[in-house]
Novice: 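This is the structure I want to talk about, given as structure tokens.
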2 protein chains.
Amino acid sequence: MTSTSRDVARAAGVSVATVSRAFSEAGAVSDSTRRKVLTEARRLGYSPNPAARRLITGRSGNIGIIVPDLANPFFADIIKGVQRRAREGRQAILVADTDEQARLEGDALRSLARQVDGIILASPRSAIEDLPGDLNIPIVLIHRQAPGWWSVTADFAEGVRQALVNLRALGHDHVAYAGGPHLSWSGGMRTESLRTCAAELGVHLYELGSVAPTIDGGLAAADLALATPATALIAYNDVVALGAMRRFGARGVDVPGGMSVVGCDNTMLSQLAVPSLTTVDVPRFEAGEAAVALLDRYLADADAEPIEQVLATALVIRGTTAPPRQT
Amino acid sequence: MTSTSRDVARAAGVSVATVSRAFSEAGAVSDSTRRKVLTEARRLGYSPNPAARRLITGRSGNIGIIVPDLANPFFADIIKGVQRRAREGRQAILVADTDEQARLEGDALRSLARQVDGIILASPRSAIEDLPGDLNIPIVLIHRQAPGWWSVTADFAEGVRQALVNLRALGHDHVAYAGGPHLSWSGGMRTESLRTCAAELGVHLYELGSVAPTIDGGLAAADLALATPATALIAYNDVVALGAMRRFGARGVDVPGGMSVVGCDNTMLSQLAVPSLTTVDVPRFEAGEAAVALLDRYLADADAEPIEQVLATALVIRGTTAPPRQT
DNA sequence: CAACTCCACGGAAACGTTTACGTACCGCTT
DNA sequence: AAGCGGTACGTAAACGTTTCCGTGGAGTTG
């Protein structure tokens, strides 16, 4: 059905080795025969069989990416970044979605491990030591640091610090925080940073505990926030913030008049909200691109020292923050 | 480094053929030797090399999916459906995002073609005859029908018909429609259905032409709608609808008081909007799952007659539709 | 007891590449 | 003219499976 290097070799009057060399850029072939081979190949519709190539070289040219939830625009953007960078390197990407279930991350890793050259693991929900350790494949983490692991993260501490400083400047000194999944490393960073900043600034911080990173989680967070004296709410991410805004509206609390709201991530959702959402910008495309770049370096030198790259974050002021209403 | 079937064979005191048979469910092996092989395999950390397996069987066990934009929750959900179904069949999925560029669809098809057993092509932006025809691989279309092609689509005609009937019942007889990308098959369905229904119902239909399927497209659509006597707007999809709502708000037009809005797709965005968006529900997970099911049938029998599966749609009434304000 | 069937398993070819090694040839130096 | 280095290319082994075919032994039948 589909033609092989032998067919091309025969047609071009050369050996299969020469065909192979003509296709792998580096090979020592004269320009004239390379041209001859390539035109015959085109004529026959030949392209190298990736399975055979991979069997001998051990490289598939594919990379895998594992995310908690594809439907979360945050992760969709990360994948777009990965994709864009991978396309330049002629790599295909395999994606696995774990539906926010930590248990599935190990399965996904295992099933991808033999298929790809390296794996990007975004925002793992498992503890790092629960991940299978025997699969012997380069892994780059996104939004999680761990000793001995390659990673690209964002400076969440700085982002939420800016948020709290800004709220303080507006006059808020009772601020609530709705956290995310327990084992989210980035969530831990946010909590920790908020605690120290709150102490420094003399702000009362009401930790509402962790809610689901969904609209429903946001609805719940709003009720929790209204049970405290807080006049502002910082949410784990934009989705939670929007859920909370919905619930505030339903309960007759004006945003930002009665309650200021700050999200995190700066996804497209934050511009869609009415009023548009003040949020902490977290680079997503860039994180995806950086992860591929790191993976490439890792693959080039497996014994290199792990790199931990950190991207900048910044507060984006929009319409959901204002001075607290005077009472 | 990683062990091979020969290692397992030696350890278990059998031949490599028997190891292979023990792993491929069907093979004729006694229970006792199979058990022995499997325990030795586990002990050595062996799993079959997919490249070698694929080289001889010609099957990779992978499927590809191509979408115009991963960041659009509509397509993210389709992929989640694909993923869920594929996980059951132990298939990995390769994803390609074409950034809404028709030109990249051919490239994506070509680069995936040799890597996977079959491809799901969602909402192609290219004309069907512009797709490479020589790649000799099963393809299932989503949201596009074409003679001789396998496809799963939704009954968009019925969905928008319900929307128009509902608006008419509320008292709207001047309705605007903002269309999507020119070569979108589903967009064509919507336009056509609206035209015939409008004629039947005696509704004046104002076709605003095609706008980008983005927030910005929605902003533009709103201005166009306000330049007509229309009291209701039907948008190409939820994103456009939300963009339009934003713009209506900015121009002081109350929704639904001054203008009713109907979206399409029923993505999570429609529940996020304030007020929540009346929209046409289009199954997405189900479309993804159905596409994998069709692909499996296609792969099982390449000569079978193409199947064109159509999923149901239905209007979901929420808060953006109401009777027009009396003048 | 012979002839036959069936089952479990081993031997070996095949899948389509890449690459180490070998060889012929060309041009240059001494 | 002999020797030598370099370049372009061919030969063949190797990658790790699956599967066809063959074989020996156990069980069944006449």
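Just so it is clear: chains get the letters A, B, ... in the order the sequence lines come, proteins before strands, and each one is counted from 1.
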Novice: Can you see if the side chain of A/Thr33 gets near the phosphate of D/dC9 - specifically, an N or O under 4.0 Å from OP1 or OP2?
Specialist: yes
Novice: From the set C/dG11, C/dT19, D/dT17, return the single nucleotide nearest to any side-chain atom of A/Ala17.
Specialist: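 Ranking C/dG11, C/dT19, D/dT17 by closest atom to the A/Ala17 side chain puts C/dT19 first.
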Novice: Provide, to the nearest angstrom, the distance between the CG atom belonging to A/Asp7 and the P atom belonging to C/dT17.
Specialist: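 These atoms are roughly 9 Å apart.
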Novice: Considering only side-chain heavy atoms of A/Thr18, which listed nucleotide, D/dT17, D/dG10, C/dT17, is closest?
Specialist: D/dG10
Novice: Assign B/Val14 to base, sugar-phosphate, or nothing according to its heavy-atom contacts below 4.0 angstrom with the strands shown.
Specialist: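 Answer is sugar-phosphate: B/Val14 comes under 4.0 Å of backbone atoms only.
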Novice: Starting at atom CZ of A/Arg54, determine the distance to atom P of C/dT19, rounded to an integer number of angstrom.
Specialist: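 The answer, rounded to whole Å, is 15 Å.
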Novice: Tell me which one of A/Arg85, A/Lys80, A/Arg84, A/Arg87 satisfies salt bridge (Lys or Arg N to Asp or Glu O under 4.0 Å) with A/Glu289.
Specialist: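 For A/Glu289, the salt bridge (Lys or Arg N to Asp or Glu O under 4.0 Å) test succeeds with only one of A/Arg85, A/Lys80, A/Arg84, A/Arg87, which is A/Arg84.
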Novice: Send over the distance from A/Ile56 CD1 to D/dA12 P, rounded to a whole Å.
Specialist: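 It works out to 16 Å between those atoms.
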Novice: Going by side chain to side chain donor-acceptor pair (under 3.5 Å), name the residues that satisfy it together with B/Glu40, two or more places apart in sequence or in a different chain.
Specialist: B/Arg43
Novice: In whole angstroms, how far is the P atom of C/dG16 from the CZ atom of A/Arg59?
Specialist: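 Rounded to the whole Å, the gap is 25 Å.
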Novice: So, is A/Thr57 close to the D/dC15 phosphate, meaning a side-chain N or O under 4.0 Å from OP1 or OP2?
Specialist: no
Novice: What integer distance in Å separates B/Arg6:CZ from C/dG10:C1'?
Specialist: 14 Å
Novice: What is the distance, rounded to the nearest whole Å, between atom CZ of A/Arg114 and atom C1' of D/dG16?
Specialist: 10 Å
Novice: Examine C/dA8: is either OP1 or OP2 under 4.0 Å from a nitrogen or oxygen in the side chain of B/Ser30? Give yes or no.
Specialist: no
Novice: Separation of B/Asn49 atom CG from D/dC15 atom P, in whole Å?
Specialist: 12 Å
Novice: When the C1' atoms of the five terminal pairs at each end define the local axes, what inter-axis angle does the helix from C/dC1-D/dG30 to C/dT30-D/dA1 show, to 10 degrees?
Specialist: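 Roughly 50°, once rounded to the nearest ten degrees.
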Novice: I'd like to know if the side chain of A/Arg90 pairs up with that of B/Ser111 as donor and acceptor (distance under 3.5 Å, no hydrogens or angles considered).
Specialist: no
Novice: Can you list the residues that meet the side chain to side chain donor-acceptor pair (under 3.5 Å) rule with A/Asn49, with sequence neighbours excluded?
Specialist: none
Novice: Shortest non-hydrogen contact from B/Val116 to B/Ile137?
Specialist: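 Closest pair (atom of B/Val116, atom of B/Ile137, distance): O-CD1, 3.3 Å.
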Novice: For the side chain of B/Arg21 and the base of C/dG10, is some donor closer than 3.5 Å to an acceptor across the two?
Specialist: yes
Novice: Quick check: does any side chain N or O of A/Glu286 sit under 3.5 Å from a backbone N or O of A/Leu311, one acting as donor and the other as acceptor?
Specialist: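 No, because the side chain of A/Glu286 does not come within donor-acceptor range (under 3.5 Å) of the backbone of A/Leu311.
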Novice: For D/dC9, does either OP1 or OP2 sit under 4.0 Å from a side-chain N or O belonging to A/Ser15?
Specialist: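 The answer is no; no side-chain N or O of A/Ser15 sits under 4.0 Å from OP1 or OP2.
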Novice: Both B/Leu55 and B/Asp31 contact DNA chain C. Which one's nearest nucleotide lies toward the 5' end?
Specialist: B/Asp31
Novice: Just by distance, with hydrogens left out, do B/Asn62 and A/Gln115 show a side-chain donor and acceptor under 3.5 Å apart?
Specialist: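 On atom types as modelled, these side chains qualify, holding a pair under 3.5 Å.
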Novice: Toward the 5' end of DNA chain D, which comes first, A/Val16 or A/Ser32, by nearest nucleotide?
Specialist: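 By nearest-heavy-atom nucleotide position, the 5'-most residue is A/Ser32.
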Novice: From C/dA8, D/dT17, C/dT19, pick the nucleotide closest to the side chain of B/Arg53?
Specialist: D/dT17
Novice: Would you say the ring centers of A/Phe74 and A/His143 fall short of 6.0 Å from each other?
Specialist: yes
Novice: Using a 4.0 Å heavy-atom cut-off, does A/Phe23 contact any base of the nucleic acid, only the sugar-phosphate backbone, or nothing at all?
Specialist: nothing
